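For the numbers below, each heavy atom of this structure counts, side chains included, while hydrogens, waters and symmetry mates do not. Indexing begins at 1, ligand by ligand and atom by atom, following the structure's order. Throughout, residue positions are numbered sequentially from 1 according to the sequence presented. Just so it is clear, the model here is predicted, and its values are computed rather than measured.
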Amino acid sequence: MNTGPRHDHYLLTPGPLTVPEETRRAMLRDRNPGGAEHIGMSREIQDYLLSLCNGTQSHACVLLQGSATYGVEAGFKTLIPEGGRLLVVVNGFYGVRLREIAEAARVDTTVLQLPTVPLPNRADIEAALDADPAITHVVMCQAETGTGVLNPVEMLAEVGRERGVKVMIDAVASFGAVSTDAAALDLEAIFVSPNKCLESTPGVAIVIAKKSSLLEAKGRCPSAVLDLNHQWTFMQETGNWRWTPPTHVVSALAISCRRHAEEGGSGPRLDRYRRNWQVLVNGLRQKGFTTLLPDDVAIPIIATFNDPTDPAYSFKSFHAAMLRRGIEIFPGRLTSEGTFRVGVMGDLQEQDMHHILAQMCEALEEIGVTLPADGGAKSVETV
Ligand SMILES: *Cc1c(COP(=O)(O)O)cnc(C)c1O
C-alpha cells in the first residue's frame with residue numbers, strides 16, 4: 001500500500017477540512033441560481049439530510065446563506081417565541097458560544113454551566129429545569145468540538161419530552177457521523193454544518209426544524225435574512241432561495257451528500273474516522289503524549305492532546321513546522337488551554353494518518369522537543 005501523502009495540503013482543523021477532489025471539482029461550473037440544476041441540487045440536499053435523521057415526515061430542512069452559526073442564530077430568533085426562555089447547557093467552548101448567540105439575539109437565557117466531564121446527566125438537567133420553570137427551550141452541543149466530548153442528546157430529549165421543554169441540538173460537528181433520530185426524539189431543531197462530517201465546503205447553514213414549529217413561526221423572526229419560516233416557505237413554493245444562494249457551495253454539498261450515501265451513511269463514516277483517530281492517538285501515545293479526555297467520552301472526529309512538557313515546545317513553532325510540511329493543526333480552545341487538536345475527519349484514511357503521524361514526529365524533532373518515550377520503544381499507559 002502507498003504510504004505517501006494523498007493531498008498536498010491537509011487541513012486538520014475540526015472543520016473546515018480536507019475536502020475530496022471530486023467535491024472541489026463540482027464547484028468549477030457556474031450555475032444559474034434560478035436554473036433547474038441548482039434548484040434540483042438544493043432539493044436533493046434537503047431530502048438527503050432529512051432522510052439521515054428520520055425527519056422526512058416530521059421535519060423541514062432549511063438552507064441559509066452563511067456559516068453554521070448563522071443557522072443557530074436564525075433558529076433561536078425564529079423558533080423561540082416572545083415569552084420563551086432558553087436553557088443553554090455549557091460544558092465547553094461551543095456551549096459558551098451558544099450562550100453568546102442567544103444573548104446577542106436577545107433571547108431570555110438561563111445557563112447551566114457544567115465541567116467537561118463527567119458528561120451532563122439527567123439530574124443536572126432536571127435540577128436546572130426545576131430551578132427555573134419559565135424555561136421553554138433547551139440547547140446543547142452534541143459533539144463539543146472545543147474538547148471532543150460526545151454529549152448525551154438522547155437523555156436531554158427524554159427529559160425535554162417529559163417536561164414539555166423543546167430541545168435543540170447543536171449537531172454542527174457531529175451530523176453526518178452520528179445518527180440522531182429527529183422524529184423519535186421529537187427535536188425542535190438540529191443545527192448542521194456542511195463543512196464538518198459532511199465533508200463539504202463552508203458557506204451554507206443548515207437547520208433541520210420541526211415542521212409544525214416552523215409553520216407556527218410565521219412573521220415572528222425580527223430579521224429579514226434570518227427568518228427560517230420565510231426562507232423555507234419561499235423555497236417550497238418557488239424552488240428558489242430568497243437572496244443569491246452560494247451556488248458553488250450548494251453544488252459541492254450535493255456531491256458531498258452523494259459521497260456520504262456511497263460510503264454507506266453515518267455509521268461507516270464514523271467507523272473510518274475512528275480508524276483514523278486510533279492511528280493518530282495510539283501513535284502519539286507511543287511517543288509519550290496524553291489525551292485531554294478519557295477515550296470513553298471522546299467522539300473520534302478530533303483528538304485533543306496535552307502539550308508536551310519539554311520547555312522547547314510551543315504550539316506556534318510546532319504549527320509552523322507542520323505547515324511547512326503541508327499539514328495544518330489547530331490550537332486548543334480557551335476553555336482547554338495547554339492542548340492542541342487534530343481533526344481526523346475529511347478526506348482522510350489510515351494511510352494519511354500514518355503520513356501525518358510521521359510528519360509530526362519529524363516536526364517535533366526539528367523544533368527540539370524531546371518526547372518522554374521517543375523512539376517508540378515503550379508504550380505509555382494513559383490515565
Ligand atoms: C464548528 C462548530 C460551530 C460553528 O460553526 P461555524 O461554521 O464556524 O459557524 C458550532 N458548533 C460546533 C459544535 C462546532 O464544532
Q. Could you go step by step and tell me if Glu350 and Arg272 meet the salt bridge (charged side-chain N to carboxylate O under 4.0 Å, His left out) rule?
A. CA-CA 8 Å; Glu350 284 171 85; Arg272 173 163 58 84; over 6 Å; no
Q | Tyr94 six-ring centre to Lys196 NZ/CZ under 6.0 Å and within 45° of normal | A | yes
(Q) Show the atoms of ligand 1 that are less than 4.0 angstrom away from any heavy atom in Asp170. (A) 10 (C), 11 (N), 12 (C), 13 (C)
Q. Considering Thr145, Asn195, Val172, Leu98, which one's heavy-atom position lies nearest to atom 13 (C) of ligand 1?
A. Thr145
**Q.** Protein contact to atom 1 (C) of ligand 1 [nearest heavy atom, distance to 0.1 Å]
**A.** Lys196 NZ, 1.4 Å
Q: For ligand 1, find out whether one of its N or O atoms is nearer than 3.5 Å to an N or O atom of Tyr94.
A: no
Q. Is Arg29 salt-bridged to Glu37, going by a charged N under 4.0 Å from an acidic O?
A. yes
Q: Using a strict cut-off of 4.0 Å, indicate which atoms of ligand 1 neighbour a heavy atom of Ala143.
A: 13 (C)
**Q.** Lys/Arg-Asp/Glu bridge criterion (N-O < 4.0 Å) met for Glu21, Arg6
**A.** no
Q.
I need the nearest protein heavy-atom contact for atom 4 (C) of ligand 1: residue, atom name and distance, please.
A. Thr69 OG1, 3.6 Å
**Q.** Carboxylate-amine/guanidinium contact Glu126 Arg122, below 4.0 Å
**A.** yes
Q) So is Ser193 polar-close to ligand 1, meaning N/O to N/O under 3.5 Å? A) no
Q | Residues Lys218, Asp227: salt bridge by 4.0 Å N-O rule | A | no
Q. What protein heavy atom sits nearest atom 5 (O) of ligand 1, and how far off is it?
A. Ala68 CB, 3.6 Å
Q.
Can you name the atoms of ligand 1, numbered from 1 with element, that are less than 4.0 Å from a heavy atom of Ser67?
A. 6 (P), 7 (O), 9 (O)
Q) Ion pair present between Glu103 and Arg99, side-chain N to carboxylate O less than 4.0 angstrom? A) yes
Q: Would you check the N or O atoms of Glu144, main chain and side chain alike, for any that come under 3.5 Å of an N or O of ligand 1?
A: no
Q. By number and element, which atoms of ligand 1 are closer than 4.0 Å to a non-hydrogen atom of Ala173?
A. 15 (O)
Q. Taking NZ, NE, NH1 and NH2 as the nitrogens, is one of them in Arg259 or Glu199 under 4.0 Å from a carboxylate oxygen of the other?
A. no
